[in-house]
Structure formats: structure tokens, C-alpha cells
Novice: 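I am attaching a structure below and will ask some questions about it afterwards.
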Amino acid sequence: MIEQKLLEKACTAIHQLYEQKVSQDLIGLEKTKREIIGDYTLVVFPLLKLSHKSPEATAQEIGNYLSQSMPEIAEFNVIKGFLNLILSDKFWLDFLKKNAGKSQFGFRKLRPDRPVVLEFSSPNTNKPLHLGHIRNNLLGHSLSEILKANGFKVIKVNLVNDRGIHICKSMLAYQKWGNNETPFAAGIKGDHLIGKYYVLFNKHFRDEIHSLMEKGLTEEEAEKQAPLIIEAQEILRKWEARDNGTVDLWRKMNGWVYDGFNKTYQNLGISFDKIYYESNTYLMGKELIMEGLEREMLIKKEDGSIWADLRNEGLDEKLLLRSDGTSVYMTQDIGTAQLRYDDFRPSSMIYVVGNEQNYHFDVLQRILKKLGKEYASHIYHLSYGMVELPQGKMKSREGTVVDADDLMDEMFKTAESTTRELGKADELPEEESRQLFRTIGLGALKYFILKVDPKKNMLFDPKESIDFNGNTGPFIQYTFARIQSLLRKAMSSGYAKERVQGSLHTSLLPLEKETIKKLYLFPEIVKQAGVEMSPAIIANYVYDLAKGFNQFYQEIPVLKEENKEKFVLRLTLVSFTGEVIQKSMNLLGIDVPPKM
RNA sequence: GGUCCCGUAGCUCAGCUGGAUAGAGCAACAGCCUUCUAAGCUGUGGGUCGCGCGUUCGAAUCGCGCCGGGAUCACCA
């Protein structure tokens, strides 16, 4: 990387010129602002106490030294104490020649380390997936691709919350009002069918609460005494006691949900290497807790409940097993962590889970540490923000959710109508058109979500459909399609054969250089996205690249260029840009179409 | 109340490991298709970077204090 070399040389320069040792962190090196001529800018202000000269003089002296000792530097200028370095066209051309067409460009070789276990999705089995889950799934999938690009072996795992009071509510409602309905007979996806009964339960539950409150109970009392919740709790007890009928129903209904989830996952284009079920992992959790109790890492209260005492860490006590011996959410997460560790001996375990669970993961990590698990310090919670609607947070029970399947269907339809309006599907065969609408619709949706910093809450307004113009997935896909079209034409012209042999000795136009500089950034962007676990960094980068390329494309002819060197340069630049756009989009889990 | 997160153009978002006149897109307005795909390109207008104080040669960026919004603190998940 040229930045590193510039920094080292700058240190040497200071040492030579001012006889002072200097560490690299004191030197500010950054990309030159767009309005100013230059490629890299060295900020000299922090160096003035070493040079004892004016900013201008210092910049001038360092500039002289650097341009003499580095052939890559063609010239430099000094503006207001900023030293702007201009690299030679040859440097950029060499970079282009060396990396264009290289399939590994920007990606690290596989490290010998142990794998990374990445958990995402983690749905409850009582309702279908919604937009919040989409964000989770897209982040998880993209992150796995980004980590792979950074040389990690990644194991994608899903933890299905298949047991607990929530599924019992759906089961109860189904028993009462289901008439043995099946997804097949009803003609709806299994997860939606179960969701229907979950909503039904809550509707009747609310009714019961209201009538109890009219009889003088407080809301809190009513919520505990309503017959429906008592019946649901009874189902949970039967389930834990392995009651045959209950377990059979549970199995049947969960099976429907899995079929539904699998369709949604497939539609979204995501997959897992291993699926854990809470109904299995909570037992391991119990075991670990009993073990921790024996070794006096945990405490037991008089009523028999078991707790972790975190008060000397500034937190409170945390319940791990109820007085009746049943487990809570934390119980199974402890078990799951251990199972994962035993299964894969990972170097780290990443959890993609919403920021509403920040406290939970903080506590989980501390408890595992308390239990003496060394892997506790290698747990990372990728805490992402909520997707909010204009009226606030999505709430399943209040019906204010954007359903994942509906949203995808809507995206496909919008993609279709927009594409047809533009007349772009006219010559495509039916099957290809269908594929294209999917690619574009998903591209718009995925990019819309992934371009936002994962940590931040984001807003989705269902009334305003997701855009296809401007800073969007389709914009980038379109740029890629134009590139492919141009390359196809070049191939048929016969010139293309000379592409690789071209010596590329020519000068660069500003728009050419701008694009090359953006391509040069790609490896660093991939690395940064990995370190920060942020697909948004890739998304914003590839938009910038596509935007810049479109300016180039608009202003500078490629196929009509008669100078062979320039033709070869531009064609190389075009195909390389296509490669990097494709790689970037794939890191986001987005496909790019050959035509659109 | 304790802890944590957020507050940048009318709207959605970048920029935040301190650096030069704070950037995109959408929306509005004005241009560009006998030239490689106009889902594109160019231009105009639009900002007390929530407020105040501090650190610094230099603060949207760091620190402190307010104001506003959100999350969380369950024998829920």
C-alpha cells in the first residue's frame, strides 16, 4: 500500500531534515479533498514543533524530500500548509495492470486460524418473519461474506427459539379454533398460519383482560389470571413433561413454520451451515448452571431459584433457573454458547442480535466468564438498530409489522412494472425477465437496508416505495449492466484480444484517474468493513464507485477511441470496475444482472 | 431513577481514529438522448452539524453539562 510507504518516507524525511525522531501517528496522511489537485495530503501542522519553521516552509521541504526519494510521486503543491502529493500516472497504470482481472483482488487468503461462528436470524416459531428479521438476516449474510473476504472461515448458525410460552399460545389458539386447519388446505404458508393463531390468541386474551378489569382487577392481575394464559402455561408444563399429545402438536406446528421460514430464506437468498434449536440447547444450559452452582460460582436462594450475582460488577443479580427448575432465555443462551464452542472450537463467536438485547449479551458474557469459560472474552455482539415505521417501532401484537414475504413480493412487482415501463424486458425471454425482476427487486431492498450503519435505527415508510433511482441497488446494478453491454460490444469488435498485452503507456484524464483511485481503495474497504463488521461501508463505497464511473462513462468514449493505448486503458478500466462492482455487491448478498 | 444509544439540508442517510469552503440521494426547478443502455449525466436553490462551555494552531468529529428522542434494567424472549 502506498499510504504505508508514504508514511515511512515522511518519517525518514523528518528525521533527515530536522534530526528528530517521529512516530507515524503524528503524521496525518489522508486522501486529498476533491476540489484540490493531489492524491494524498500530508498535514504538517503537528510537525511544526519539530521543524521550527512555518507550515509552508515545512511542507515545501518535506515535499521536496519525498518527491526526490519516491519515484511514485510526480509532483506536489503546498496550499495553506497542506502538502498535496500527486502520484505519477505510471503508478496508477501499474496498479491497474497488475490487478485488473485478478479474481482475488481485494480478498485475503484463508487464514490458518480456527473458524468464526456467526449467529443470525434466530426467529421465534410463533409468527412469520418481518422487516426487522430481514435486516438481521441481510446483515448476517453480508457479514459472513465480508469475513470470508477477510480470510476467515465462517460458520453460519441459526438458533431457533422453538420452545416457550409464545409457541404455546399459538398451539392453544389452534386447538380451540383451528378445526385442524393445515397450511396446504388453507393455501397459506405455515409460518403465516401459525402467526394467524398467535394473533387470534392475543385478541381473545385482550378481551379476557378487559372483562376482568371491568370486574375490578388491575391490568397486571388480569394478565396473570386470564383463563387463556393459564391454559397456555398448562401446555408449557405438559410440553416440559413430554406429554405425547402436546409434543406431537408442537412438532407438527413447528414443522409448518420451518417450511414457511425455509421459503422465506430461500427467497431472500440466505442459508446456514448449522441450525440449533432452543428445545435442545436449554438442557446443556441447565447442566452448566448446576455445575456452576456446585463449584460455588452461582448462588441458590431459599425458594430454589438459581442466580448469578453480578453486583460487584456494577450490575444486578440475574436469574438463571426458576424456583420450579424451569429455564429462562439466559439458560439456553449459556447452553448454546457451550455447544457451539464444543462443536467448532471457534476463535470468536459473533451474535447478530438487535440492540434491545445489549444488556442481555453483556450479562451473558459476564456469566460465562464467571463460569470460567475462556471463550467468553471472544464473544462479540453485533448490535444493530431497529427498523422503525413512521408511527414508531413495529409490534407484532398490534399488527404494525411489515411482513417479509409481502414486502419481497411487492419489490418484485415494482421491479417488474418499472422495468416494463422502461421497455427493458421487451426482448428478454419470460424466464430471464422473471429472474431480472427478482434480481432488481431484491437488489433494491437489500441495498436500502444495508447502506445504513448497522448500529443505527433506521426508518422505513411503507407508503413511500423503495426507490430505484439515485443511491440505490438498481442504480449500481444498472451501472454494472451497462459495463457488461459495453464489454460485449468490445469483444465482438475484435479489439479486445489485445487488452491484456497492452502496455498502458499513456497519460490519464482526470475522470479516468478518479475511477482508478476508487478501485485502488477496494482492498482497504473490505478490510475496514470486516474490522467494523459493517456492510454499510461496502455499500457506500460501491455507490461512490458506480457514481464516479457513470461520470466517466458519460464524458469519455471507450469503443470509439482510436488511439490503441487509450482504448486498451479504458477497456481495462471498464472491466475492472465491473469486477469490483460485482464483488462489492456480492459481499452485500446482491446479484448483478448482465443486462437491464 | 440507573445504564446505554441516537440528534447533520424539508425527508432518508454519508462524513465522526480532530484538519482546508460539511457531502450524496429523494423531493423542487433548469438543461442533456442522429454518439458505448437517460434506472444515466450536468447545473440551481436548500445547513446556528440539538444547545452551551471546555481542550486544541484547528471541533460535526474529543471532554463536561443541559435539551429532545429511543432502548434496557422481569421467576418474558
Side-chain angles (χ1 to χ4, degrees), chain A residues 25 28 30 32-36 41 43-46 48-49 55 79-82 84 122 124 126 161 163-166 278 301 303-307 314-316 318-330 332-333 354-360 362-363 383 385-386 388 390 392-393 415 418-419 421-424 440 444 448 451-453 455-461 464 467-479 481-490 493 536-537 539-540 543-544 546-547 550-561 570-571 574 595-596:
Chain A
D25 351 317
E30 51 205 64
T32 303
K33 289 184 57 137
R34 205 189 318 184
E35 311 80 43
I36 288 164
T41 295
V43 185
V44 298
F45 294 100
L48 301 183
K49 36 181 171 306
I79 301 169
K80 293 205 260 176
F82 291 88
N84 304 302
S122 311
N124 290 337
N126 62 330
N161 295 303
R163 109 201 153 95
I165 193 71
H166 51 84
E278 186 188 325
K301 297 208 171 173
D303 63 2
S305 56
I306 299 176
W307 300 73
L315 298 179
D316 212 338
K318 185 73 190 176
L319 177 83
L320 299 179
L321 281 178
R322 295 189 183 103
S323 49
D324 64 1
T326 59
S327 56
V328 290
Y329 181 50
M330 187 59 82
Q332 67 80 24
D333 249 351
N355 61 15
E356 54 197 353
Q357 295 193 32
N358 285 354
Y359 180 73
H360 172 79
D362 188 18
V363 171
S383 158
M386 300 289 100
E388 287 170 345
K393 211 183 148 184
T418 308
T419 307
E421 269 168 40
L422 292 168
K424 306 247 182 180
I440 296 170
F448 175 81
K451 76 171 176 182
V452 180
D453 182 343
K455 293 195 297 292
K456 292 189 175 173
N457 288 357
M458 62 177 292
L459 188 112
F460 175 80
D461 188 347
E464 292 175 32
D467 229 303
F468 284 43
N469 298 319
N471 186 356
T472 67
F475 169 90
I476 298 160
Q477 291 172 319
Y478 176 67
T479 307
R482 278 166 133 189
I483 286 172
Q484 299 317 302
S485 167
L486 200 156
L487 291 175
R488 279 191 297 271
K489 286 194 171 145
S493 77
I537 291 170
N540 287 307
Y543 170 69
D544 192 48
K547 175 92 184 151
N550 280 329
Q551 289 165 5
F552 161 83
Y553 179 91
Q554 188 79 17
E555 301 293 328
I556 300 173
V558 176
L559 298 179
K560 286 185 199 65
E561 176 57 50
R570 288 177 197 163
L571 203 60
V574 168
K595 295 178 188 170
M596 73 182 269

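The figures that follow rest on heavy atoms only: side chains count, while hydrogens, waters and symmetry mates do not.
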Novice: Any base atoms under 4.0 Å from A:Leu48, or only sugar-phosphate, or nothing? Heavy atoms, all strands.
Specialist: nothing

Novice: Measure OH/A:Tyr543 against P/B:G23 and give the value in whole Å, please.
Specialist: 15 Å

Novice: On RNA chain B, compare the nucleotides closest to A:Arg482 and A:Glu30; which residue's is nearer the 5' end?
Specialist: A:Glu30

Novice: Give A:Leu315 one of three labels, base, sugar-phosphate or nothing, depending on what nucleic acid heavy atoms sit under 4.0 Å from its own.
Specialist: nothing

Novice: Quick one: does A:Thr479 reach the base of B:A39 with a side-chain donor-acceptor pair under 3.5 Å?
Specialist: no

Novice: In whole angstrom, what separates A:Glu555's CD from B:C41's P?
Specialist: 11 Å

Novice: For RNA chain B, please output the secondary structure as dot-bracket, reading 5' to 3'. Pairs are Watson-Crick or G-U wobble, both atom distances under 3.5 Å; mark crossing pairs with [ ], other-strand partners with |, unpaired with a dot.
Specialist: (((((((..((((.....[...)))).(((((.......))))).....(((((..]....))))))))))))....

Novice: Would you please classify the geometry between the A:Phe460 ring and the A:Phe448 ring as parallel, tilted or perpendicular, with 30° and 60° separating the classes?
Specialist: perpendicular

Novice: Quantified in whole Å, what is the P atom distance between nucleotide B:A24 and nucleotide B:U42?
Specialist: 10 Å

Novice: Heavy atoms only, 4.0 Å cut-off, all strands: where does A:Leu321 land among base, sugar-phosphate and nothing?
Specialist: nothing

Novice: Taking the nucleotide of RNA chain B with the closest heavy atom to each, which residue, A:Ile556 or A:Asn84, is nearer the 5' end?
Specialist: A:Asn84

Novice: A:Val328 near the nucleic acid: base, sugar-phosphate alone, or nothing, with a heavy-atom cut-off under 4.0 Å?
Specialist: sugar-phosphate

Novice: From NZ of A:Lys489 over to C1' of B:U35, roughly how many Å is that when rounded to an integer?
Specialist: 11 Å

Novice: Do A:Asp453 and A:Lys455 meet the salt-bridge criterion of a basic N to acidic O distance under 4.0 Å?
Specialist: yes

Novice: Has A:Phe82 got its ring stacked on B:A20, by the test of a centre gap below 5.5 Å and a plane angle below 30°?
Specialist: yes

Novice: Could you tell me the separation between the CD atom of A:Glu356 and the C1' atom of B:C73, rounded to a whole number of Å?
Specialist: 14 Å

Novice: Let me know the distance between NZ of A:Lys547 and P of B:G40, rounded to the nearest Å.
Specialist: 8 Å

Novice: Take atom NZ of A:Lys33 and atom P of B:A24, then tell me their distance rounded to the nearest Å.
Specialist: 11 Å

Novice: In whole angstroms, how far is the P atom of B:G31 from the CD atom of A:Gln554?
Specialist: 17 Å

Novice: Hey, is A:Phe45 doing a stacking thing with B:G19, by the 5.5 Å centroid and 30° angle criteria?
Specialist: yes

Novice: Which distance, rounded to the nearest 0.5 Å, do you find between the CE of A:Met596 and the NZ of A:Lys424?
Specialist: 6.5 Å

Novice: Rounded to whole angstroms, how far apart are NZ on A:Lys560 and P on B:U34?
Specialist: 14 Å

Novice: Side chains of A:Asn358 and A:Ser383: is there a donor and an acceptor less than 3.5 Å apart?
Specialist: yes

Novice: Which letters describe nucleotides 1-16 of chain B, given B = protein heavy atom under 4.0 Å from base, S = only from sugar-phosphate, - = neither?
Specialist: ------S----SSS-B

